[in-house]
Amino acid sequence: MKSPFTAKVIEIIAAIPAGKVTTYGIIAAHANNKRGARQVAMILHSSSAKHDLPWHRVVNRNGQISLKRGHGYERQMKMLVAEGILFDEGQRIDFSKYLWWPR
DNA sequence: CAACTGACGATAG
DNA sequence: CCTATCGCCAGTT
């Protein structure tokens with residue numbers, strides 16, 4: 001079996017409601033690995049498809065998409081906008097409106 | 001098995 | 001505002 005951390009991360013991500021977003025750090029913290037944000041990203045990268053996870057609802061702590069242009073950035077933004085999430089001029093998401101906290 | 005990589009984050013300057 | 005550096009450790013090679 002994969003680590004408890006991995007299982008927890010997948011569980012949390014699968015629970016993110018449409019129209020909301022959360023961050024790598026928050027997920028990591030709830031999976032008992034406060035400083036494991038990078039692993040959350042890695043898990044998403046390798047397991048989002050097989051676990052049918054809403055990977056696009058996870059952004060970094062600035063409310064911005066971490067992907068690079070031409071490597072998923074536009075695709076992710078498009079999916080978020082399609083769910084009603086708006087970006088400001090700096091292409092950042094307003095956490096006061098869209099942040100989802102697992103619990 | 002060892003080394004390397006990296007959708008991140010906090011901190012320091 | 002910015003860059004640099006360290007910590008964390010699952011995947012990949």
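Remember, predicted model here, so these are calculated numbers, not experimental data. Every chain is numbered from 1, with letters handed out A, B, ... down the list of sequences.
Note on A:V21 and A:Y73: same hydrophobic cluster, where clusters join Ile, Leu, Val, Met, Phe, Trp and Tyr whose side-chain heavy atoms are under 4.5 Å apart, directly or indirectly. A continuous path of Ile, Leu, Val, Met, Phe, Trp and Tyr side chains, each step under 4.5 Å between heavy atoms, connects A:V58 with A:I26, placing both in one hydrophobic cluster. A:I27 and A:L80 end up in the same hydrophobic cluster when Ile, Leu, Val, Met, Phe, Trp and Tyr side chains are linked at under 4.5 Å.
Expressed to the nearest 0.5 Å, how far CD1 of A:I65 lies from CD of A:E74 amounts to 9.5 Å. The distance from the CD atom of A:Q64 to the OG1 atom of A:T23 is 13.0 Å, given to the nearest 0.5 Å.
Near DNA chain C, meaning a heavy atom under 4.0 Å from it, residues 70-91 of chain A has no residue at all.
Distance A:Y24 OH to B:dA10 C1': 17 Å, rounded to the nearest Å. If you measure from atom CG of A:L44 to atom P of B:dG6, you get 17 Å, rounded to the nearest angstrom. Atom CD1 in A:I26 sits about 15 Å away from atom C1' in B:dA7, given to the nearest Å. As rounded to whole Å, 16 Å separates atom C1' of C:dC6 from atom NZ of A:K34. One can place CG of A:N60 at 17 Å from P of B:dG6, the figure rounded to the nearest angstrom. Rounded to whole Å, the distance from CG on A:L53 to P on B:dA7 is 18 Å.
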* ring-ring contact (aromatic ring centres under 6.0 Å, His included) between A:H45 and A:W55: does it pass, once the steps are laid out? -> CA-CA 8 Å; A:H45 204 60; A:W55 61 272; 9.3 Å; no
* Give the intermediate values and the outcome of side chain to side chain contact (heavy atoms under 4.5 Å, CB included) for residues A:L53 and A:I10. => CA-CA 8 Å; A:L53 301 176; A:I10 290 174; 4.0 Å; yes
* To do: Please test A:R57 against A:I85 for side chain to side chain contact (heavy atoms under 4.5 Å, CB included), starting from the C-alpha separation and ending with a verdict.
  => CA-CA 10 Å; A:R57 295 181 193 140; A:I85 295 172; 5.6 Å; no
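Between the side chain of A:K20 and the main chain of A:K97, a donor-acceptor pair closer than 3.5 Å is present.
Nearest heavy atom pair, residue A:A14 against residue A:P54, reads CA-CD, 4.2 Å.
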Heteroatom pairs (N/O) under 3.5 angstrom, protein to nucleotides 11-13 of chain B:
none

I'd like a list of close polar pairs between nucleotides 9-13 of chain C and the protein, N/O only, cut-off under 3.5 Å.
residue : atom : partner : partner atom : Å
C:dC9   : O4'  : A:Q39   : NE2          : 3.2
C:dC9   : O2   : A:Q39   : OE1          : 2.6

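For A:N32, the CG atom sits in a loose shell: 12 or fewer heavy atoms of surrounding residues, nucleotides or ligands are nearer than 6.0 Å.
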